[in-house]
Every structure is written in structure tokens, then in C-alpha cells.
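Each ligand, and each atom within it, is numbered from 1 in the order the structure gives. Sequence positions, counted from 1, serve as the residue numbers for this chain.
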Amino acid sequence: MYLQSRFFIKALNKASPVVLVSLCFFALLGCEQSVKQRVYTLEGRTMGTTYHITAVVKPGVNIVENPLQIEVDKLLENINQVMSTYIVDSELSLLNRVEANKPTVVSEQLFSVLSLSRAVSDLSSGAFDITVGPLVNLWGFGPTEQKDQQPEPAKIEQTLAQVGYQHIALDKERLQVTKTANVYIDLSAVAKGYGADAVAELLEHHGISDYMVELGGEIALAGNNASGVGWRIGVEQPTLAQTGVIEAVTTLKGGIATSGDYRNYFEVEGRRFSHTIDPSTGYPIAHTLASVTVVAASAAKADALATAINVLGPDSGYTLAVNKKIAAYFIIRHKDGFITKATPEFSQYRVTL
Ligand code: ADP
Ligand code: MG
């Protein structure tokens, strides 16, 4: 006998109507499976948000829950110390302060996120751009002061001139990064996914092959849940009024990420300004795409792709996802409600609720 429990991933923001809901099935004590396997749930805080881990540990695999929690926290702390723009002496903050044209050798972790970001920028013709940081800050979504009003158009124009992912030269052999102009890098759109992947890797290292790691809404998963079937991740309607899972996804191993305009924003006279900036205009995105969910080989990739598609919006984003064979699911605002659409690649990940 099983108890079916719904584990709601916490909303991250002010008016947040939960994005993802994980449908996990926990074995009840006394049931046959619980004798053979153990289910660990860990949770904590990192990167200004929360993480939740569910790991199904097979018999014979020796895991001590507390040291595992300590290891996870340490790992995430280290990643934050590499990639955060909120930490003044993080590796990224130091790189941001290096003058232009001076090559800098960086850690493998930082290099790999910079490489992935570059690939997603190229793929999306710059819709995804980690040098958008000064605009993020100008609009009040970065580590500098928070704002609740629109910046001056001239200032936006001026700041836009500092943006351009092409100004980051990467030398893979030497793990060397050279900023060919004075750009400022912000990895917020990909770091959470990267963190989820890193935790997944740690679990694998401990012999755990069935797990679900959620970090700030981005997910890395593998194998099966406690009842022996694939993890099911629900995508919920992005509104407070209409809650309910409208689509469930699963994958054998990989990442699932959602980018939406309702998690982090400010409003001026009823107009909503998203924390996702369109690098082609310098303004926050303004379109009818409420959210896009991407399934990819890793959570970092899914995270970056979801942000890229979200920048492009419901039409160009959909075209890109179809052309590049990205598994993506769109929730689009429409009159009083929502319409949804998915790319052909998405269909293999669909599960019935
Ligand atoms: P979402 O889940 O809505 O995609 P993320 O946290 O993944 O949110 O990414 C949004 C963050 O990424 C912003 O807070 C900002 O720091 C940064 N960002 C904003 N616009 C872009 C962009 N066009 N490309 C890359 N990063 C961006
Ligand atoms: Mg993202």
C-alpha cells in the first residue's frame, strides 16, 4: 500500500503561483519496498532560494543522512563562491573586476558554465546573454539597490552599449577567459541549474542513481521514485487564482527548468516588469508567454534554454525550439486564461496525470 503525497516546490517570490509541482510517491512504513530501500529527503537554502532533494537509496548503499546534508551544503556553498555576483569576493566577482584584454585562468566549474552560456547565446542569437548584468542591475533586479520604477531611456541605451556575450573569449585548453571589452557577467539564469546538476553528480558519486534534486525550481533527476516508476514533475498554471497541474513530465535522466515572467518582477501603475531582460532592446521582456518549461540533458542546459526561449517569446521562442529540436512546453496568456503548446520533442516526456 502506498501513500501518495504531493510535494509542492516552494514558490520563490512575492506573488508567485508555484511553477513546478513534483508528484512523488513515498512508500509507507511496513510496505515491502521500504524494507529494501530507503528514501532520503534533504532540504536547505542556497543562492537566495531553497533546494529539495529526494533520493531513493538501494539496499547495500551506505549513506549517512547528516554527513550527506553537510556535503551538499558545502558543495553548494562552493558553487556560490564561484558564480555569485552577490558575493564580492566570488570567483566571478573577481573576474568581473579584471580589466579588459587581460587573460584570466578560471576554475573548471566557472569555465564550464561560461562555455554552456556561450553555446546557448550562439544558439539563440544573443537572446540569452550573461553580459546583460548591468541592465539587470539598472532595472533593480541585481545585487545593487532594488528599484520600483523604470530607469531613464538614455541610461538604458547607454547601459545596453556595455552588453555583448561576444566580448568573452574562452580558451578551453588553458581554461582561460579574456574579456575583450569591459563586460560584467551575471550567471543567475544558469547557476541554479548548474547547482542542481552538481548535487546530482554528488549523489551519483555516493552510488545513488534514483533521485530528484530541485534548486530554485530547476530540476536534475535520474532513475525512479520510491514506488519504482519515473519521477513525475508537474507544470502548474502560472496564476494564483487557477492552481492545478496542467502537464506532467518525466525523463530518465536529465534536467527540467521553467522560465516565467511571474516569479520575480515589479509593477509600476499596473505594468509588470520582469527580471528577464531582452538584450536586443535593454528592456524587460513584454509578451504573452507566461512560462516555458524545457527538458534537456542537464538542468544547467534546461535552465539557460528556458531563459533564452522566454526572452524570445511565444512565437520566435517556439520557432527556435522547434528548429533546434528542444523539448519545450509553453503556457501563453490568452484573453481570460491560458493556451498551451509544445514542441514535437516534448511529447516523449509527457506523462498522464
Ligand atoms: P527564470 O526562471 O525566470 O528564467 P532565472 O533565475 O533562470 O529566471 O534567470 C533570470 C535571471 O537571469 C535574472 O534575474 C538576471 O539576473 C539574468 N538574466 C536576465 N535576462 C537575461 C538574459 N537575457 N540572458 C541571460 N541572463 C539573463
Ligand atoms: Mg534560467
Side-chain angles (χ1 to χ4, degrees), residues 9 11-13 16-20 46-50 83-86 92 96 113-114 116-144 146-147 159-160 163-165 168 183-197 214-220 235 238 255-266 272-287 289-294 296 298-313 316-317 320 326 328 331:
I9 288 169
L12 307 173
N13 51 6
S16 167
V18 184
V19 193
L20 291 164
T46 186
M47 301 183 190
T49 181
T50 54
M83 323 215 167
S84 177
T85 44
Y86 289 76
L92 180 59
N96 274 334
V113 175
L114 292 173
L116 170 66
S117 299
R118 174 64 191 232
V120 176
S121 295
D122 287 337
L123 177 136
S124 65
S125 307
F128 182 84
D129 190 329
I130 53 171
T131 68
V132 85
L135 284 165
V136 174
N137 294 346
L138 181 69
W139 282 93
F141 292 109
T144 51
Q146 302 296 303
K147 293 203 181 65
T159 311
L160 189 56
V163 173
Y165 68 92
I168 306 170
V183 287
Y184 169 93
I185 302 167
D186 168 10
L187 295 171
S188 306
V190 61
K192 293 193 292 288
Y194 183 86
D197 288 333
E214 173 269 326
L215 200 168
E218 323 302 13
I219 291 172
V235 182
I256 302 172
T258 295
S259 185
D261 74 347
Y262 45 87
R263 286 210 219 164
N264 195 343
Y265 63 88
F266 68 82
R272 188 184 278 206
F273 293 92
S274 164
H275 71 149
T276 300
I277 309 288
D278 183 346
S280 69
T281 62
Y283 282 71
I285 51 168
H287 50 56
L289 181 57
S291 82
V292 58
T293 297
V294 170
S298 70
K301 200 168 175 196
D303 195 2
L305 286 173
T307 299
I309 294 170
N310 190 27
V311 170
L312 292 170
S316 308
L320 178 88
I326 298 166
I331 301 178

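Annotation for ligand 1: atoms under 4.0 Å from non-hydrogen atoms of Asp186 are 15 (C), 16 (O), 17 (C). Interface of Thr307 with ligand 1, defined as ligand atoms under 4.0 Å from a residue heavy atom, comprises 4 (O), 7 (O), 9 (O). Counting the atoms of ligand 1 from 1 in the order shown, those under 4.0 Å from a heavy atom of Gly260 are 3 (O). Against a heavy-atom cut-off of under 4.0 Å, Val136 is close to the following atoms of ligand 1: 15 (C), 16 (O), 19 (C). Under a 4.0 Å criterion applied to the non-hydrogen atoms of Phe128, ligand 1 contributes the atoms 24 (N), 25 (C). Which parts of ligand 1 touch Glu218 is read off a 4.0 Å heavy-atom cut-off, strictly below it: atoms 2 (O), 7 (O). Under a 4.0 Å criterion applied to the non-hydrogen atoms of Asp303, ligand 1 contributes the atoms 7 (O).
Distances from the Mg ion (ligand 2) show that Asp303 has an N/O/S atom below 2.8 Å. Within the 2.8 Å limit, Ser188 places no N, O or S atom next to the Mg ion (ligand 2). At least one N/O/S atom of Ala189, from backbone or side chain, sits under 2.8 Å from the Mg ion (ligand 2).
Counting heavy atoms closer than 4.0 Å to ligand 1, residue Val132 contributes side-chain atoms (C-beta onward) but none from N, CA, C or O. Contacts between Thr258 and ligand 1 below 4.0 angstrom, taking non-hydrogen atoms only, involve the backbone exclusively.
The shell of residues lying under 4.0 angstrom from ligand 1, judged by heavy atoms, excludes Phe141. Ligand 1 is approached by Pro279 to a heavy-atom distance shorter than 4.0 Å. Under a 4.0 angstrom heavy-atom cut-off, Asp278 registers as lying outside contact with ligand 1. Using a 4.0 angstrom heavy-atom cutoff, Ala304 does not count as in contact with ligand 1.
The distance from the CG atom of Leu160 to the CG atom of Leu135 is 5.5 Å, given to the nearest 0.5 Å.
Contact annotation: the side chain of Val113 approaches that of Ser117 to within less than 4.5 Å [non-hydrogen atoms, C-beta and beyond]. Within the 4.5 Å cutoff, the side chain of Val190 has no heavy atoms near those of the Met83 side chain. Looking only at side-chain heavy atoms (C-beta outward), Tyr165 and Phe128 stay at 4.5 Å or farther from each other. When side chains are defined from C-beta on, Leu123 counts as touching Ile326, because their heavy atoms get closer than 4.5 Å. The shortest distance between side-chain heavy atoms of Val183 and Ile130 does not fall below 4.5 Å. Looking only at side-chain heavy atoms (C-beta outward), Val292 and Thr258 stay at 4.5 Å or farther from each other. Contact of the Val311 side chain with the Pro279 side chain is registered, since non-hydrogen atoms from C-beta on lie closer than 4.5 Å. The side-chain heavy atoms of Leu289 and Leu312, taken from C-beta on, include no pair separated by under 4.5 Å.
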Apply the test side chain to side chain contact (heavy atoms under 4.5 Å, CB included) to residues Thr293 and Ile256: give CA-CA distance (whole Å), side-chain angles for both, the deciding distance (0.1 Å), then the verdict. CA-CA 7 Å; Thr293 297; Ile256 302 172; 3.8 Å; yes
Kindly indicate, with the supporting measurements, whether the criterion side chain to side chain contact (heavy atoms under 4.5 Å, CB included) is fulfilled by Asp278 and Val132. CA-CA 9 Å; Asp278 183 346; Val132 85; over 6 Å; no
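Residue contacts with ligand 1: Asn310 is placed with no nitrogen or oxygen under 3.5 Å of a nitrogen or oxygen of the ligand (distance criterion only). Considering backbone and side-chain atoms alike, Val311 places every N or O at 3.5 Å or more from each N or O of ligand 1.
The residue from Ala127, Gly48, Ser259, Gly216 that puts a heavy atom closest to atom 4 (O) of ligand 1 is Ser259.
The main-chain N or O of Gly133 is never found under 3.5 Å from a side-chain atom of Asp186 such that the two would form a donor-acceptor pair.
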